Trainee: 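For reference, the structure I am asking about is given below.
Worth knowing before you read on, the calculation uses all heavy atoms, side chains too, and leaves out hydrogens, waters and symmetry mates. The shown structure was predicted, so the numbers you read here are calculated from the model rather than taken from an experiment. Quick note on labels: first sequence line is chain A, next is B, and so on, each numbered from 1.
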Amino acid sequence: MTTRDPDLPTFARRHLLGIEGLSPHEINDLLDRAEAHVEVGRQVSKKLDTLRGRTQINLFFEASTRTQSSFELAGKRLGADVMNMSVASSSVKKGETLIDTAMTLNAMHPDIIVVRHHAAGAVALLAQKVGCSVVNAGDGAHEHPTQALLDALTIRRHKGRIARLTIAICGDVLHSRVARSNILLLTALDARVRLVGPTTLVPSAFRDLGIEVTTDMKEGLKDADIVMMLRLQRERMQGSFVPSVREYFRYFGLDAEKLAFAKPDALVMHPGPMNRGVEIDPAVADGPQSLIREQVEMGVAVRMAVLEAVARNLPNG
Amino acid sequence: MPLLTGTDHGRPLLITNARVVDPSRGLDERGSVLIDGGRILAAGASATGQGAPDGAETIDACGAVLAPGLVDMRVFVGEPGFDHRETFATASRAAAAGGVTTIITMPDTDPIIDDPALVDFVLRRARDTAVVRVHPMAALTKGQKGQEMTEFGLLQEAGAVAFASGRHAVTNAQVMRRALTYARDFGAMVVHHPEDPDLAGTGVMNAGSIAALLGLSGIPAEAETVMLARDLRLARLAKGTYHAAQLSTAEAVTLMRWAKSEGIDATAAVSVAHVSLNENDIGAYRTFFKMSPPLRAESDRQALVDGLADGTIDVLVSGHDPQDVEMKRQPFAEAADGCVGLETLLAASLRLVHDGRMSLSRLIEAASTRPARLLGLDAGTLAPGAPADMVMFDLDMPWVLTEADIVSRSKNTAFEGARFSGRVTRTFVGGRQVFPF
């Protein structure tokens with residue numbers, strides 16, 4: 001399935017810093033490329049040589065298991081040399097040290113740096129200081145573009161399209177970079193996005209940006225095609241943003257009863273890692289409507305497509 | 001529960017020759033009230049002349065006022081934990097004696113009412129032992145520590161009608177902001193005691209010349225106004241529903257007037273003590289006049305009365321806070337705050353009506369109709385179909401309050417020896433007479 005118009009410009013950027021600013025054509029271009037890589041991942045021989053000779057550095061200022069391993073696998077399947085750098089961030093004085101780190105790495109002539117950082121905007125700042133491609137693997141509560149792309153690919157493969165689908169994004173939108181990238185991507189592709197959660201976690205400012213916001217799961221999930229749950233950090237469950245786990249699960253946790261408000265063929269997604277029994281009932285997470293494990297598979301394919309695309313746009317590409 | 005009369009006999013009840021005051025319908029007229037099955041069938045002039053239904057019991061009110069029973073939004077009960085001060089049984093009898101048919105209880109018990117199971121406990125104890133209706137407010141923060149909000153959703157489902165900080169203030173503005181925000185999702189009201197504990201400091205009475213003369217540490221008006229001003233702005237930011245539990249200062253009235261003109265969803269209450277008494281009443285260290293917030297200057301009292309009359313202050317409460325002898329027979333600075341008030345809520349506030357400061361209708365509205373509406377209760381009205389919760393009182397009967405008139409288990413009244421005009425003669429809850437006992 002290809003939604004790309006061959007006459008329109010393809011993804012021609014050196015960095016992927018966010019979904020913001022991407023045209024629908026660019027997004028579809030990346031999704032189409034990723035589609036092809038899904039098959040690669042299912043073959044016995046998963047190795048391509050698109051990035052042979054290239055150096056990819058995964059620079060993670062924030063701990064990550066799945067995103068980092070997904071990027072690592074994607075780079076390796078494309079033939080790149082992949083190096084993982086985990087930088088303890090707690091004692092780091094952001095601005096200066098971040099740039100120092102970037103300059104140091106730049107001197108090693110990498111081709112691609114994949115960056116995760118706890119501060120919004122940090123990845124874009126780093127991108128200004130290096131000569132290689134930079135891919136944002138999550139910056140603060142700002143963006144996580146490859147997660148949004150893999151979510152879109154997962155949806156597209158099941159529903160055949162993104163446009164006109166009703167997609168409910170539920171939970172801790174306030175602290176979620178996944179939510180922001182998804183809102184941007186899904187609305188760019190003409191989906192109808194709804195945000196559902198307590199006002200402490202879904203600020204009404206999103207309503208001012210023209211997105212439907214509701215505090216009621218029944219209303220929010222009504223006729224939804226996709227229910228996308230977000231992770232609630234443990235430290236936010238005990239009275240600061242919501243009073244308790246049991247109250248949160250009661251009103252905002254996805255269980256079979258609430259899922260029944262959505263369309264009968266609605267699909268359930270979660271970017272992981274899940275808090276079972278907090279934002280999602282294990283029976284739903286592992287149930288027939290869940291796409292959660294498939295999202296992980298799509299992650300590798302999407303990241304292969306992104307790495308390939310940015311590398312192609314390097315001056316020496 | 002003693003049953004002297006009413007529909008538990010299976011008979012309708014017709015009360016004739018009454019002055020029917022029902023602010024919910026703008027009624028203040030001569031008429032009758034007909035009740036059956038515990039509910040109002042008709043009330044007012046139009047209810048007269050229909051004749052009594054077959055077998056109806058008839059009471060001649062002899063011109064007494066018949067109004068919706070009072071709904072008291074601020075009642076401290078000692079159960080659980082301080083049963084020696086007050087139980088639901090004793091508090092509800094004190095309420096019945098004062099014409100109060102619904103009491104809203106504060107969560108400051110031991111344990112503090114911050115868990116759905118405890119709300120359930122309160123409701124069950126009230127059902128089994130109280131002679132008036134009881135609705136609990138649950139704690140606003142866990143353990144009233146002012147740090148983490150409670151489970152507003154689950155507590156509301158259990159029966160909590162609002163979320164109150166009780167005697168405490170939430171000093172952390174972010175906590176207050178989030179509580180207002182989160183409460184809004186559940187349509188819940190945040191009830192706060194706006195007194196900055198740091199500014200109040202070691203103060204035990206209103207700051208000013210009397211405190212200076214008595215050698216007592218003072219609480220400035222700003223302890224209230226600084227925090228109220230903060231709260232009102234947070235309510236605007238969060239678009240939440242805010243209620244100031246008990247105000248004491250003139251400037252607080254000004255702030256409330258401003259908040260309402262701004263469209264902020266904020267309401268306030270004042271206690272009958274604060275519209276009846278001032279700091280001079282403390283006299284020679286009389287601890288029954290020690291309360292929180294403290295009695296203020298006469299100019300504050302005047303402003304509070306004006307605010308109550310024009311609706312800037314929405315609600316009149318008793319602030320009923322029973323304290324035992326041990327807690328009150330102490331040097332003033334060491335005595336506990338609080339006074340009982342259920343028995344005297346109506347009698348003391350009728351002074352404002354007799355003095356021409358407000359209409360009887362406005363008084364009943366502030367002490368019954370308005371609080372019932374704020375909390376979404378089926379009370380505060382004599383409209384057909386409403387539960388027959390009513391107070392009958394002789395508007396002019398003179399009497400002097402003695403300790404024997406205090407039904408509450410604790411006797412710490414600020415009105416001992418007070419001369420009143422107007423006395424409750426009968427109280428009905430759901431058509432049943434609960435006073436006289």
Trainee: Please identify, among B:Gln174, B:Arg184, B:Glu148, B:Lys142, the residue contributing the most non-hydrogen atom pairs under 4.5 Å to chain A.
Mentor: B:Glu148

Trainee: For B:Arg178, is it the side chain, the backbone, both, or neither that has a heavy atom closer than 4.5 Å to a heavy atom of chain A?
Mentor: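 Looking at B:Arg178, backbone and side chain both touch chain A.
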
Trainee: Are there more than 12 heavy atoms of other residues, nucleotides or ligands under 6.0 Å from atom CD of A:Gln233?
Mentor: yes

Trainee: If you draw a 6.0 Å radius around CZ in A:Arg194, do more than 12 non-hydrogen atoms from other residues or ligands fall strictly inside?
Mentor: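 Correct, the count exceeds 12.
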
Trainee: Would you find more than 12 non-hydrogen atoms of other residues, nucleotides or ligands less than 6.0 Å from A:Glu20 atom CD?
Mentor: no

Trainee: Given side chains that start at C-beta, do those of A:Tyr251 and B:Leu154 come closer than 4.5 Å, heavy atoms only?
Mentor: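 Yes, close enough: below the 4.5 Å cut-off.
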
Trainee: What about the rings of B:Tyr182 and A:Phe241, do their centers lie closer together than 6.0 Å?
Mentor: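 That pair fails the under 6.0 Å test.
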
Trainee: Quick one: do A:Arg250 and B:Glu151 make a salt bridge, cutoff under 4.0 Å?
Mentor: no

Trainee: Under 4.5 Å between any side-chain heavy atoms of A:Arg246 and B:Pro116, yes or no?
Mentor: yes

Trainee: B:Leu155 versus A:Glu247: any side-chain heavy-atom pair under 4.5 Å?
Mentor: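 Result no, sub-4.5 Å side-chain heavy-atom pair not found.
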
Trainee: Nearest 0.5 Å, please: how far is CG in A:Leu201 from CG in B:Asp185?
Mentor: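 Here the interatomic distance stands at 9.5 Å.
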
Trainee: Just wondering, are more than 12 heavy atoms of other shown residues or ligands nearer than 6.0 Å to NZ in A:Lys159?
Mentor: yes

Trainee: Give a yes or no on this: more than 12 heavy atoms of other residues, nucleotides or ligands lie within 6.0 Å of atom NZ of A:Lys222.
Mentor: no

Trainee: Does any non-hydrogen side-chain atom of A:Pro243 lie less than 4.5 Å from one of B:Thr150?
Mentor: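 Contact flag for B:Thr150/A:Pro243 side chains = no.
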
Trainee: What's the separation between atom NZ in B:Lys239 and atom OG1 in A:Thr199, rounded to the nearest 0.5 Å?
Mentor: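 Spacing of NZ (B:Lys239) from OG1 (A:Thr199) equals 9.0 Å.
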
